[in-house]
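Accompanying notes for the structure given below.
What's counted below: heavy atoms across the whole structure, side chains too, no hydrogens, waters or symmetry copies. In what follows, chains are A, B, ... by sequence order, proteins preceding strands, each numbered from 1.
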There are 2 protein chains.
Amino acid sequence: MNSQTKIPEHLTVYSQLKEMILLGRFAPGQALTIFGLAEEMGAGTTPVREALRRLTAEHALTSLENRRIIVPELSEKDISDIYFLRLIVEPELTRQSTKNMTDTKIDQLRRIDAQINEALDHGDVVAYLEGNNRFHFAIYETAQSQVLFQTARSLWVQIGPSLRIVCGRYGTANMPDKHSELLDALSRGDENAAAQAMRDDLAQSHLLISAPPAHRI
Amino acid sequence: MNSQTKIPEHLTVYSQLKEMILLGRFAPGQALTIFGLAEEMGAGTTPVREALRRLTAEHALTSLENRRIIVPELSEKDISDIYFLRLIVEPELTRQSTKNMTDTKIDQLRRIDAQINEALDHGDVVAYLEGNNRFHFAIYETAQSQVLFQTARSLWVQIGPSLRIVCGRYGTANMPDKHSELLDALSRGDENAAAQAMRDDLAQSHLLISAPPAHRI
DNA sequence: TGAAGGATAATTTGATCAAAACTTTGACAA
DNA sequence: TTGTCAAAGTTTTGATCAAATTATCCTTCA
C-alpha cells in the first residue's frame, strides 16, 4: 500500500516560501525569522525551520554567520555570473524541449503568453512575473532534463528578488518579450531558432537588470 | 559581542555526510535513514534530519515519494547533462582563477598534485579522489565566483558516487591527469590554455564514466 | 552628547515524544 | 503456488521545551 496520502507540511511551507521569493515578495536584505514566518503562515516552527534550511541550501536565502537568515543581496559579479549560466542553460533547455513539443503544449504556451500580454497592458507587475515564470518553465519541463531544469530553477530563485526590484523601478513597459519569435520557432520545430530566441529574451532581461539605478541619491 | 564561538552540530553532520558522499562511501541506490545515521555518527536525530534535508536540496541525495532518502542513481542522460554543465562551468572558473593566481597558490597546487601522483602509483583510489577534489577546488575558490563555485560543488556531489564506482572498476591506471599542462598554463598566466587544459581533463573523465561497464552479467 | 557595559528580550538549536505514515511479515483463502 | 489483507515493527513528521546564543535596550560614566 504505497500511495502519497498526505503532503508533509514542510513541503507546503517550502513551496509557499519559494513562490514568495520568486515573485519578489521579500526585499533583498530582509531578515526572516523562524518564529515570525511560523506565525504569519499559520504553521509550526519545525516545518518552517526545515523549509528555511532547504531554501538556504538552494541559495534562495543566505545564512549569515550570526545565524540570521536573509534574502540575499546580489553583487554585480553575482548577477553577471548568473546570466553567464542562464545564457547557457536556458537556451539548451529550449533546444531540447523542441524535440518533445506537442500541439497541446504549444496551445498551452500561447494561452500563457496571452495572459502575460494582458498583464503588461495593465501594468500588473506581479501577474507579469508569475506568467513569465510559468511560460519559461512550461518550456523547460518539456525538455525532460533533470539536471538542467534544477539548475535553471536555482538561478531563477536567486535572481527573483532583484528582478522584482527592477520591475518596480521601471514598470512593465520595457519588459523583454521574444515570446512570439520563440513560439514560432517551437511550432516549426526549429531548435536553433528557438534557442536563439531564448538567448535574445535573456539578453534583454540582463540589460534591464544591469542598468544603473534610475535616481540613486 | 558577535563572534562564532561554536559550530552548530547540524553543520558538522552536514560536512561529514557530504564528504562521505563525495568520496563515494555510499553506493548509488543505497537508502539512508535518519535513525541509522544518527546512531552511526553518534549524533542526535534533529541535526541529522536537517543535514539530510540540506543534502537533498543540493541534489546530493534524492527524496523518494515514499519519504525514503537514497543516494541517487544517475541515468545516462543525467551524466551527459552534468558533463555538459561541467564543461562550461569548470573551465570558466579556471579562466577566472588565472587572474588571481599567486606563487603561493601555485606551490600549494603542486604539492597536491604530487600527492595525487603518489596515490595513483599506489593504486589508492580514495586518496586519489580526495586529492583530485582538493586540487580542483583549490583552483575554483581562487576565482572568487560565488555562483559558479556553488554550481561546481553541486555537480561534483552529484557525480561523486558514480565516479567512485568507475574508479573501483578500472583502478587508478587510466585516471585523467592534465594537471601538469594546467599548472604550466596557470603559472604562465595563460587563461585560455588553462581553460583548455581543464576541458581536456574533464573530457577524459567523461569518457571514463560513460564507458560501458566491463563485464555486466 | 556619546560611548561602554550589562541586563533583558528574542531567536536559534538540539533533544524528546506522540502521532501519522510507511514497510514488512505472516496468515489465510483462492 | 499466488494473491490479498491485516497486524506488527520502523521511520518520518511535527510540537514542545530547555539550553545556548545573539540582539536590543537602558543605564551609567566620561
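B:M198 and B:I139 get closest at one heavy-atom pair: CE-CD1, 4.4 Å.
A sub-4.0 Å separation between OP1 or OP2 of C:dA21 and a side-chain N or O of B:N66 is absent.
The interatomic distance linking B:L32 (CG) with D:dT11 (P) rounds to 12 Å, in whole Å. Separating the CD atom of A:E65 from the P atom of D:dT22 is a distance of 11 Å, rounded to the nearest angstrom. Across the protein-nucleic acid pair, B:I70 atom CD1 and C:dT23 atom P stand 13 Å apart, rounded to whole Å. B:L11 places its CG atom 15 Å from the C1' atom of D:dA20, with the value rounded to the nearest Å. In this structure, A:F35 atom CZ and D:dT21 atom C1' are separated by 17 Å, rounded to whole Å. Rounded to a whole Å, the CZ atom of A:R68 is 6 Å from the P atom of D:dA23. What separates OH of B:Y14 from P of C:dG14 is a distance of 15 Å, to the nearest Å. Here the P atom of nucleotide C:dG14 and the NE2 atom of B:H10 are 6 Å apart, to the nearest Å.
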Donor-acceptor pairs are to be reported for all side-chain atoms of residues 95-102 of chain A against protein atoms at under 3.5 Å, with residues two or more places apart or in another chain.
from	atom 1	to	atom 2	distance (Å)
A:R95	NH1	A:N192	OD1	2.7
A:Q96	OE1	B:K77	NZ	2.6
A:Q96	NE2	A:E92	OE2	2.9
A:S97	OG	A:T94	O	2.7
A:T98	OG1	A:T94	O	3.0
A:T98	OG1	A:R95	O	3.1
A:K99	NZ	A:E191	OE1	3.4
A:N100	ND2	A:T142	O	2.8
A:T102	OG1	A:K105	N	3.2

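In this structure, the ring of A:H136 has its center less than 6.0 angstrom from the ring center of A:Y140.
Around the CD atom of B:E118, the shell of radius 6.0 Å holds no more than 12 heavy atoms that belong to other residues, nucleotides or ligands.
A:L155 is not listed as a side-chain neighbour of A:I159, based on a closest heavy-atom distance of 4.5 Å or more.
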- request: Check the pair A:Y14 / A:E9 against side-chain hydrogen bond (donor to acceptor under 3.5 Å, both in side chains), numbers first and verdict last.
  value: CA-CA 8 Å; A:Y14 162 78; A:E9 191 163 2; over 6 Å; no
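A salt bridge does not link A:E50 to A:R54: none of the charged side-chain nitrogens sits closer than 4.0 Å to a carboxylate oxygen.
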Give each protein N/O atom lying under 3.5 Å from an N/O atom of nucleotides 15-17 of chain D, with the pair distance.
from	atom 1	to	atom 2	distance (Å)
D:dA15	N7	A:T46	OG1	2.7

Dot-bracket encoding per residue of DNA chain D, Watson-Crick/G-U cut-off under 3.5 Å, | denoting interstrand: ||||||||||||||||||||||||||||||
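A:E90 places no side-chain N or O within 3.5 Å of a backbone atom of A:L87 that could act as its donor or acceptor partner.
In this structure, B:F135 and B:H179 have parallel ring planes: the angle between them is below the 30° cut-off, well short of the 60° mark.
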